[in-house]
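See structure below.
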Amino acid sequence: MLAVQIQRYGPAESLACVDVPTPQPAAHEVLVQVHACGVNRLDLLLREGKIFQVPLPRIPGTDFAGTIVAVGADVADRRVGERVLAAPILSCGQCEHCLQGEDNLCKAFGTVGSTIDGGYAAYVRIPARNARPVPGDLDWITAASFGLTYATASAMLRRGRLKKDETVLVLGSSGGLGYAAVQLARCAGARVIAVCRGTQRGASLLTQGADAVVEPGPRMAEQVQALTGGKGVDLVFEHVAAATFEQSIASLAVGGRLVLGGVTTGTQASLDLKAVFTKRLEVLGCRGSGRKDFDHVLELMARGAIRPHVEHVLALERATEAHHLLESGHLLGKVVLKV
Ligand SMILES: [Zn+2]
């Protein structure tokens with residue numbers, strides 16, 4: 001079968017289009033014929049090998065949608081012919097965390113397309129519990145465009161205890177994760193200040209749920225303070241990390257929380273300890289998402305409350321180009337590979 005592998009860490013050109021044997025499902029797995037696979041920032045980080053390293057070769061691709069073509073001997077609740085999309089997080093399904101839908105706290109935590117091969121391929125095998133029915137008559141491209149980002153954003157907002165009528169500052173709002181957070185925070189009844197470069201993308205975010213847009217950079221906190229009457233925001237949704245962290249902390253209100261769910265620009269930043277102490281700030285880490293977050297997102301998708309935005313659809317063979325598009329930083333919305 002056709003697949004795109006990370007064979008060595010490096011630039012987008014290190015992705016290799018290869019012909020590999022079609023996998024067979026184990027007893028607890030299903031085999032999915034992939035129709036579309038979303039491209040995530042995570043795929044780029046895995047390929048670069050700087051922040052995360054996975055055993056190579058690895059077929060990336062966390063978000064994919066397709067048809068079940070075979071089921072393992074022990075699979076009772078999925079059937080051949082079913083339209084499914086991948087739930088991103090791998091977990092044991094049996095520990096106390098998993099039973100509460102908090103799979104991201106499970107000792108067996110992993111990610112489809114990272115811990116195991118993903119959807120940059122004609123076929124992929126995944127645990128049956130990670131194959132979830134596509135809501136309604138959603139098309140393949142849309143079905144492959146939202147799982148990881150919306151579930152992660154949902155988990156982060158839950159961890160950050162965002163409440164109705166609070167103000168949240170969303171970093172990197174034009175990227176997949178930030179864009180999801182803008183819509184989800186709006187759904188939760190919060191006031192949203194989006195951080196984004198470029199007036200055109202800023203204008204678009206205002207139509208997607210943002211109440212105001214600010215530019216990133218050394219004056220971000222000043223803009224936020226001006227927009228909040230000098231109070232600051234209740235929650236900062238942070239994943240850009242090193243490049244923005246100091247300004248993010250300076251944007252918080254007294255008693256404010258910062259939830260950190262990614263480290264796109266690097267893992268080291270200086271922290272104003274005096275501000276943490278005198279303003280009673282909370283810095284909260286959040287890794288991945290739980291089943292309850294994914295269920296929440298599927299429910300919102302099913303009733304049309306959230307709308308992922310797909311900007312480019314490319315053939316699987318053009319995965320290198322897809323990675324370049326994400327790296328360009330000029331996107332608003334997702335790139336999806338068509339298989
Ligand atoms: Zn578990």
Side-chain angles (χ1 to χ4, degrees), residues 23-32 37-38 40-43 45-46 51-55 58-66 68 70-79 82 84-119 124-135 143-144 146-162 177 180-181 184 239 259-263 283-301:
Q24 296 303 313
H28 67 291
E29 292 176 333
V30 296
L31 182 67
V32 178
C37 183
N40 283 298
R41 180 68 51 180
L42 174 65
D43 311 348
L45 295 178
L46 294 176
I51 294 174
F52 302 114
Q53 291 87 32
V54 290
R58 173 63 76 229
I59 300 172
T62 306
D63 288 329
F64 56 85
I68 294 181
V71 299
D74 295 344
V75 176
D77 55 349
R78 294 274 78 90
R79 57 181 170 73
E82 211 168 356
V84 293
L85 55 85
I89 302 302
L90 299 165
S91 57
C92 79
Q94 288 157 2
C95 70
E96 55 170 325
H97 301 302
C98 286
L99 292 176
Q100 287 169 9
E102 308 260 13
D103 308 56
N104 44 339
L105 304 179
C106 177
K107 277 190 177 145
F109 175 90
T111 311
V112 175
S114 164
T115 316
I116 61 172
D117 280 339
V124 55
R125 65 186 180 112
I126 52 170
R129 66 191 301 269
N130 283 80
R132 307 291 301 275
V134 172
F146 67 91
L148 180 65
T149 48
Y150 279 77
T152 305
S154 178
M156 286 173 65
L157 293 174
R158 187 163 64 83
R159 175 85 166 121
R161 309 192 304 276
L162 181 68
L177 184 60
L184 289 167
H239 53 106
V259 62
L260 177 69
V263 286
V283 176
L284 305 157
C286 184
R287 177 183 71 164
S289 58
R291 197 172 184 83
K292 67 164 68 162
D293 302 302
F294 197 70
D295 287 346
H296 175 58
V297 167
L298 285 182
E299 190 261 321
L300 292 174
M301 276 302 291

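Order of appearance sets the numbers: ligands from 1, and atoms from 1 within every ligand. For clarity, every value in this text was computed on a predicted model and none was experimentally measured.
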Handout entry: Which residues share a side-chain hydrogen bond (donor to acceptor under 3.5 Å, both in side chains) with Gln53, sequence neighbours left out
Key =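 side-chain hydrogen bond (donor to acceptor under 3.5 Å, both in side chains) check on Gln53 returns nothing, list empty.
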Handout entry: Residue that, paired with Phe64, satisfies side-chain contact (heavy atoms from CB on, under 4.5 Å) out of Leu85, Ile126, Val84
Key =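 Single side-chain contact (heavy atoms from CB on, under 4.5 Å) partner of Phe64 among Leu85, Ile126, Val84: Ile126.
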Problem - side-chain contact (heavy atoms from CB on, under 4.5 Å) partner of Arg159, the single match among Leu260, Asn104, Leu284 - result: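 Only one option passes, and that is Leu284.
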Handout entry: Pro133 vs Glu82 side-chain heavy atoms within contact, under 4.5 Å
Key =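 With C-beta onward as the side chain, the pair touches.
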Problem - Number of protein N/O/S atoms that sit closer than 2.8 Å to the Zn ion (ligand 1) - result: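 There are 4 of them.
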Problem - Set of residues satisfying side chain to side chain contact (heavy atoms under 4.5 Å, CB included) with respect to Ala87, sequence neighbours excluded - result: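 For Ala87 the side chain to side chain contact (heavy atoms under 4.5 Å, CB included) partners, ignoring immediate neighbours, are Asn130, Arg132, Phe294.
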Handout entry: Residue pairs involving residues 89-100 (criterion side-chain hydrogen bond (donor to acceptor under 3.5 Å, both in side chains); sequence neighbours excluded)
Key =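 Listed once each, the pairs are Ser91-Asp103, Ser91-Arg129.
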